[in-house]
Protein chains: 2
Amino acid sequence: MTDSPQAPTRFPVTVDIVALTVRDNALNVLLITRLIEPFRGRLALPGGFVLAGEGLEEASIRELAEETGVERVPGHLEQLQSYGPQGRDPRGDVLTVAHLLLAPDFPVLSAGSDAEHAAWYPVGHVLDGATELAFDHGRILADAVERARSKLEYSPLGAAFCGEEFTIAQLRAVYEAVWGTRLDPRNFHRKATGNPGFLEDTGRMTAGDAGRPAALFRLAAQARSAAGEPVRAVLNPPLMRPNS
Amino acid sequence: MTDSPQAPTRFPVTVDIVALTVRDNALNVLLITRLIEPFRGRLALPGGFVLAGEGLEEASIRELAEETGVERVPGHLEQLQSYGPQGRDPRGDVLTVAHLLLAPDFPVLSAGSDAEHAAWYPVGHVLDGATELAFDHGRILADAVERARSKLEYSPLGAAFCGEEFTIAQLRAVYEAVWGTRLDPRNFHRKATGNPGFLEDTGRMTAGDAGRPAALFRLAAQARSAAGEPVRAVLNPPLMRPNS
DNA sequence: CTGAATTATTGTCAATATGACGATAAGTAT
DNA sequence: ATACTTATCGTCATATTGACAATAATTCAG
């Protein structure tokens with residue numbers, strides 16, 4: 001780390017959060033509608049400036065709370081990548097540290113006061129160009145989705161989209177939504193339950209749904225932190241996407 | 001992206017570069033000796049402040065050039081992660097965007113003028129606590145090494161440690177050094193050459209070394225950019241580390 | 001010049017993982 | 001009761017993996 005003779009340039013730093021969830025068997029992203037210029041009326045990722053004395057993750061959690069009303073992080077939060085500082089904001093250089101949140105479907109503060117209105121949008125409608133996001137958020141979203149897709153292969157993070165307990169079919173629906181492919185239920189069942197250190201049978205079953213009741217699983221102890229969030233780095237063997 | 005009513009806090013932003021290479025069958029990292037406080041005399045990652053009008057990668061390349069004398073990026077450079085801004089530097093809040101460089105062994109400007117003296121150090125000596133780095137650079141290095149290790153599994157990036165052309169044994173030596181394991185030469189040969197879109201036979205052979213001459217390979221076209229740097233995201237099937 | 005040593009490369013074989021799909025189990029809907 | 005729906009277990013051919021034998025093509029030691 002070289003130190004400049006004169007005071008270094010300082011940059012405004014923001015965090016942006018790509019919150020992903022699975023709704024109606026499709027991958028959705030949490031977006032807000034901008035009420036001010038630039039990009040007024042456009043959809044954008046939730047986020048905002050990092051305040052003095054604040055860490056990056058801390059800032060992300062605060063912004064998420066401010067814009068969606070959630071009191072605690074509802075899933076797995078990790079840093080994605082930083083972008084900038086140049087050419088991102090017409091008002092000037094801004095460095096942003098993008099974060100990725102993988103969470104079960106949670107309700108957002110949709111009763112828009114004069115704050116930005118936040119809501120879930122299918123990722124497909126954004127990635128295929130039908131909806132253009134503000135700033136470079138389209139690119140950030142694309143990077144986030146690719147990260148999520150590969151995380152499902154090599155980590156137990158797919159479970160972050162489910163609640164505390166879930167069935168194999170629910171987990172499979174997550175994989176299908178994120179990867180955009182159909183998976184054979186029988187082979188998926190074998191691989192998910194057969195992967196050592198991934199899932200743990202709770203002994204409980206679903207009831208009331210159509211069809212045979214399904215066993216409820218949770219993440220295995222090695223795969224979750226004290227907070228219940230998945231931590232174990234790798235899934236071995238990996239659950240690879242078909243085809244490619 | 002919420003906009004604060006008053007001017008947002010601005011932070012000094014640095015880039016730090018974790019330059020890794022393989023020397024004498026061991027993973028090495030490029031470190032500089034700090035000549036000023038804080039952490040005077042301690043080893044640290046090369047890096048420095050991002051200047052106004054500069055991008056993150058651009059700043060990394062500039063700092064690398066300033067501190068090692070290389071004129072061009074000698075390998076694969078990618079962003080690692082951002083750290084901070086709190087609790088990293090005793091002088092105050094500094095956000096740093098760490099970068100990872102995977103490169104063949106290259107000579108560094110070791111004739112220390114009054115600039116920091118840069119040199120290669122075996123990663124093992126640092127990770128096992130024998131050498132303490134300045135700031136939070138020990139943690140950054142640990143993250144970088146873990147990233148490199150998993151990159152070798154899922155991407156063709158192992159080749160970034162080799163030159164333009166290399167033998168399978170040289171590539172295997174990279175894997176062994178980075179993973180810290182021994183690999184069966186015959187099985188590695190089969191997997192490396194059998195992976196579609198990974199390697200390309202140049203038709204040329206080594207000569208003069210002990211033992212049977214080895215075929216020289218290069219990265220397949222799909223796996224490298226115009227600059228010759230590996231780009232193809234995934235290696236399929238992956239080359240997994242043994243054991244775990 | 002010859003055999004020993006060294007390294008590269010091809011092959012073999014059993015164990016394991018994978019993809020495709022059949023069969024059965026255990027519920028709800030009619 | 002019968003149909004329908006979903007979960008779960010099983011089977012089988014094929015592909016991949018790890019362990020290791022065999023062979024090829026050099027340099028090195030004498």
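Only this structure's heavy atoms are used, side chains among them; waters, hydrogens and symmetry mates stay out. Note that this is a predicted model, so its numbers are computed, not measured. Chain letters run A, B, ... following the sequence lines, proteins first and then strands; every chain starts at 1.
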Worksheet entry | Whichever of N187(A) and D184(B) has its nearest DNA chain C nucleotide further upstream toward 5' | D184(B)
Worksheet item: Given the rule in the salt bridge (Lys or Arg N to Asp or Glu O under 4.0 Å) test, do R62(B) and E66(B) qualify, once you have shown the distances and angles that lead to the verdict?
Response: CA-CA 6 Å; R62(B) 176 181 51 73; E66(B) 286 178 13; 3.1 Å; yes
Practice prompt. Tell me what D209(B) touches on the nucleic acid: a base, only sugar-phosphate, or nothing, going by heavy atoms under 4.0 Å.
Written response: sugar-phosphate
Fill in: Qualifying residues under side chain to side chain donor-acceptor pair (under 3.5 Å), relative to Q79(A), sequence neighbours excluded
none
Worksheet item: salt bridge (Lys or Arg N to Asp or Glu O under 4.0 Å) with E146(B): which of R139(B), R241(B), K151(B)?
Response: R241(B)
Fill in: Any side-chain heavy-atom pair of L101(B) and L20(B) under 4.5 Å
no
Worksheet item: How long is the line joining NZ of K191(A) and P of dA20(C), in whole Å?
Response: 10 Å
Would you mind writing out the side-chain donor-acceptor pairs for residues 174-182 of chain A within the sub-3.5 Å range, not counting sequence neighbours?
{"from": "Y175(A)", "atom 1": "OH", "to": "L152(A)", "atom 2": "O", "distance (Å)": "3.1"}
{"from": "E176(A)", "atom 1": "OE2", "to": "L183(A)", "atom 2": "N", "distance (Å)": "2.9"}
{"from": "W179(A)", "atom 1": "NE1", "to": "R149(A)", "atom 2": "O", "distance (Å)": "2.9"}

Fill in: d(CZ, F188(B); P, dT7(C)) in whole Å
17 Å
Side-chain polar contacts of residues 206-220 of chain B - donor-acceptor pairs under 3.5 angstrom, sequence neighbours left out - could you list them?
{"from": "T206(B)", "atom 1": "OG1", "to": "A214(B)", "atom 2": "N", "distance (Å)": "2.8"}
{"from": "T206(B)", "atom 1": "OG1", "to": "A214(B)", "atom 2": "O", "distance (Å)": "3.4"}
{"from": "R218(B)", "atom 1": "NH1", "to": "E200(B)", "atom 2": "OE1", "distance (Å)": "2.9"}

I'd like a list of close polar pairs between nucleotides 8-10 of chain C and the protein, N/O only, cut-off under 3.5 Å.
{"from": "dA8(C)", "atom 1": "N3", "to": "R212(B)", "atom 2": "NH1", "distance (Å)": "3.2"}
{"from": "dT9(C)", "atom 1": "OP1", "to": "A215(B)", "atom 2": "N", "distance (Å)": "2.7"}
{"from": "dT9(C)", "atom 1": "OP2", "to": "H189(B)", "atom 2": "NE2", "distance (Å)": "3.4"}

Fill in: Within 6.0 angstrom of D128(A) CG, more than 12 heavy atoms from elsewhere
yes
Worksheet entry | Protein-nucleotide distance (N236(A), atom CG; dA17(C), atom C1'), rounded to Å | 12 Å
Discussion item. Going by the rule salt bridge (charged side-chain N to carboxylate O under 4.0 Å, His left out), which residues pair with D105(A) if we only count those two or more places apart in sequence or in a different chain?
Written reply: R23(A)
Item to complete: Using chain B heavy atoms and a threshold of under 4.0 Å, write down where along DNA chain D the contacts begin and end, 5' to 3'.
Response: dT17(D) to dT27(D)
